[in-house]
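Heads up, the thing below is written out as structure tokens.
A quick note: this is a predicted structure, and the numbers were derived from the prediction, not measured. Every heavy atom of this structure was used, including side-chain atoms; hydrogens, water molecules and symmetry mates were not. Within every chain, numbering begins at 1; the chains are lettered A, B, ... in the order of the sequence lines, protein sequences first and strands thereafter.
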Number of protein chains: 2
Amino acid sequence: MYGTARSEWRTTPRRAAVLEALHACDGFVSAQSLHTALVTDGVAVGLSTVYRTLRLLEAAGHVDVVRDSDGDGERFYRPRPDDGHRHYLVCRECGLSLAVESEEVERWVARIARDIGFHSVDHTVELTGMCDGCRPGPVDRRPHPAGRARVV
Amino acid sequence: MYGTARSEWRTTPRRAAVLEALHACDGFVSAQSLHTALVTDGVAVGLSTVYRTLRLLEAAGHVDVVRDSDGDGERFYRPRPDDGHRHYLVCRECGLSLAVESEEVERWVARIARDIGFHSVDHTVELTGMCDGCRPGPVDRRPHPAGRARVV
DNA sequence: CAGTATACGACAATGATTTTCATGTGCGGT
DNA sequence: ACCGCACATGAAAATCATTGTCGTATACTG
Ligand SMILES: [Mn+2]
Ligand SMILES: [Mn+2]
Ligand SMILES: [Zn+2]
Ligand SMILES: [Zn+2]
């Protein structure tokens with residue numbers, strides 16, 4: 001009748017590039033570093049577009065997110081597996097991130113939501129620790145593996 | 001011998017005031033609103049001091065923290081019960097927050113940490129939803145109970 | 001191909017939190 | 001009680017990831 005039914009998701013070169021760059025990364029990346037990676041790679045894309053695209057992907061459930069535990073709560077993104085969201089155990093030192101099995105927590109969340117009677121209950125679960133390579137020896141502390149973002 | 005052993009926590013009037021104001025609040029409060037409450041109450045205290053004190057309390061494990069889910073990740077604080085930390089189900093609309101039973105999750109975290117072999121594993125678990133009073137009716141949506149921070 | 005709703009990007013604005021740094025004060029030692 | 005100094009305080013400036021603005025470009029429908 002009136003408004004023409006238009007698609008709500010335009011496939012544009014920038015968005016394709018952002019998504020591709022995201023998949024090319026190991027583990028979690030921030031919007032900023034993803035933008036840097038793109039520019040370094042010769043892809044002309046604005047920082048705003050990277051932020052906007054990541055937000056869209058987040059809303060569409062195509063990425064998992066973890067937030068830096070310190071002050072500004074910086075956001076890090078990772079492509080989400082097709083079969084549902086994951087939760088991660090992240091090394092505070094080197095950024096190594098591992099998806100963990102979370103059936104138990106998912107059930108717990110559902111039970112709590114049902115018992116208390118809240119609607120549209122969403123959940124955030126983040127584990128942080130130190131991996132073997134980063135364990136602080138009293139004397140012989142070795143250099144960290146790498147900066148951020150390995151994944152298994 | 002050399003360095004004099006000094007206490008690592010000075011009891012000062014401002015810190016006492018901040019802690020008291022925190023206990024006087026229902027539910028979670030931000031550093032900013034806690035500062036406003038203090039000043040309104042006639043207590044002369046700087047915003048920096050409120051932030052610093054809350055950080056200290058956090059590090060000492062005397063408060064529980066939840067972070068706003070949107071961009072800036074604003075932090076909200078609540079006095080922690082003596083018998084250990086809690087996790088909360090918070091209403092996105094009115095801020096009503098309820099401590100939930102989380103034995104199951106605590107055990108899950110311990111198991112994951114042990115299985116994967118990370119050390120000093122810490123965890124963040126936050127539940128957000130909509131309480132009964134805030135449920136969005138298709139037609140008759142009623143005004144929200146109150147702004148932020150009730151607790152049960 | 002035209003029309004328009006949407007995407008883009010350079011740049012400014014936001015806003016919670018941190019840092020600075022000059023000054024005040026708790027507290028251990030005497 | 002008095003000193004001395006490490007730590008606490010606060011007003012103001014800095015930080016900085018993220019979002020808003022708005023003029024221009026472009027994807028998509030017809
Ligand atoms: Mn989950
Ligand atoms: Mn817990
Ligand atoms: Zn590590
Ligand atoms: Zn509510």
Side-chain angles (χ1 to χ4, degrees), chain A residues 1-21 28-39 41-60 63 65-77 95 148-149, chain B residues 1-19 21 28-60 63 65-77 95 148-149:
Chain A
M1 305 171 68
Y2 288 114
T4 307
R6 292 181 178 278
S7 64
E8 76 282 343
W9 174 265
R10 285 191 188 174
T11 308
T12 71
R14 329 301 155 97
R15 287 178 178 173
V18 169
L19 199 49
E20 184 192 334
F28 287 94
V29 277
S30 68
Q32 307 246 26
S33 58
L34 194 60
H35 175 246
T36 300
L38 281 160
V39 171
D41 234 52
V43 181
V45 59
L47 183 54
S48 308
T49 297
V50 175
Y51 273 106
R52 280 189 286 241
T53 303
L54 288 173
R55 281 301 212 195
L56 287 173
L57 291 172
E58 182 181 353
V63 293
V65 184
V66 297
R67 286 149 70 202
D68 200 2
S69 44
D70 75 356
D72 40 8
E74 190 179 1
R75 304 172 84 87
F76 297 90
Y77 298 87
R148 289 265 140 216
Chain B
M1 306 173 70
Y2 290 114
T4 307
R6 292 181 178 277
S7 64
E8 76 284 343
W9 174 265
R10 286 191 186 175
T11 308
T12 71
R14 327 301 155 97
R15 287 178 178 175
V18 169
L19 199 49
F28 287 93
V29 278
S30 67
Q32 307 245 27
S33 58
L34 194 59
H35 175 246
T36 300
L38 282 160
V39 171
T40 302
D41 233 53
V43 181
V45 58
L47 183 55
S48 312
T49 298
V50 174
Y51 273 107
R52 280 189 287 239
T53 303
L54 287 173
R55 281 300 213 194
L56 287 172
L57 290 172
E58 182 180 352
V63 294
V65 185
V66 296
R67 288 179 312 170
D68 201 1
S69 44
D70 75 357
D72 39 10
E74 189 180 2
R75 305 172 85 86
F76 296 91
Y77 297 88
R148 289 267 138 214

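With R75(A) contributing its side chain and A31(A) its backbone, the two residues share no donor-acceptor pair below 3.5 Å.
One cannot find a donor-acceptor pair under 3.5 Å joining the base of dC28(D) and the side-chain atoms of R10(A). Judged by atom type and distance alone, R52(A) does not reach the base of dG20(D) through any side-chain donor-acceptor pair under 3.5 Å. Checked by distance alone, S48(B) brings a side-chain donor or acceptor within 3.5 Å of a matching partner on the base of dA11(D).
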*Apply side chain to side chain donor-acceptor pair (under 3.5 Å) to the pair T36(B) and S33(B), showing each step before the final yes or no.*
CA-CA 5 Å; T36(B) 300; S33(B) 58; over 6 Å; no
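Side-chain contact check for E58(A) versus Y77(A): some heavy-atom pair is nearer than 4.5 Å. A heavy-atom distance below 4.5 Å is not found between the side chains of D72(A) and D72(B).
When rounded to the nearest whole Å, the span between CG of L34(A) and P of dT18(D) equals 12 Å. Rounded to whole angstrom, the span from the CD atom of E58(B) across to the C1' atom of dT18(C) amounts to 14 Å. Taking atom OH of Y77(A) as the reference point, atom C1' of dT18(D) lies 9 Å away to the nearest angstrom. Between W9(B) atom CH2 and dT25(C) atom P the separation is 19 Å, expressed in whole Å. dC8(C) atom P lies 12 Å from atom CG of L54(A), rounded to whole Å. Following rounding to the nearest Å, H35(B) (NE2) and dA12(D) (P) show an atom-to-atom distance of 12 Å. As a whole-Å value, the separation of D68(A) CG from dA16(C) P is 19 Å. Regarding R15(B), its CZ atom lies at a distance of 13 Å from the C1' atom of dC27(C), rounded to whole Å.
Here S30(A) lies out of heavy-atom contact (under 4.0 Å) with every strand. Counting any heavy atom pair closer than 4.0 Å across all strands shown, R67(B) reaches no nucleic acid atom.
In this structure, of dT18(D), dA27(D), dC8(C), it is dT18(D) that holds the atom nearest to the side chain of R55(A).
When the side-chain nitrogen and oxygen atoms of T12(B) are compared with OP1 and OP2 of dG26(C), none of them lie within a distance under 4.0 Å. The phosphate of dT18(C) (OP1 or OP2) has no side-chain N or O of Y51(B) nearer than 4.0 angstrom.
Between D70(A) and T53(A), the residue anchored closer to the 5' end of DNA chain C is T53(A), taking for each the nucleotide with the nearest heavy atom. With DNA chain D read from its 5' end, the first of the two nearest nucleotides for P13(A) and L47(B) is the one closest to L47(B). Toward the 5' end of DNA chain C, the nearer of the two residues D72(B) and T11(B), judged by each one's closest nucleotide, is D72(B).
T53(B) OG1 to R14(B) CZ: the interatomic distance, rounded to the nearest 0.5 Å, is 10.0 Å.
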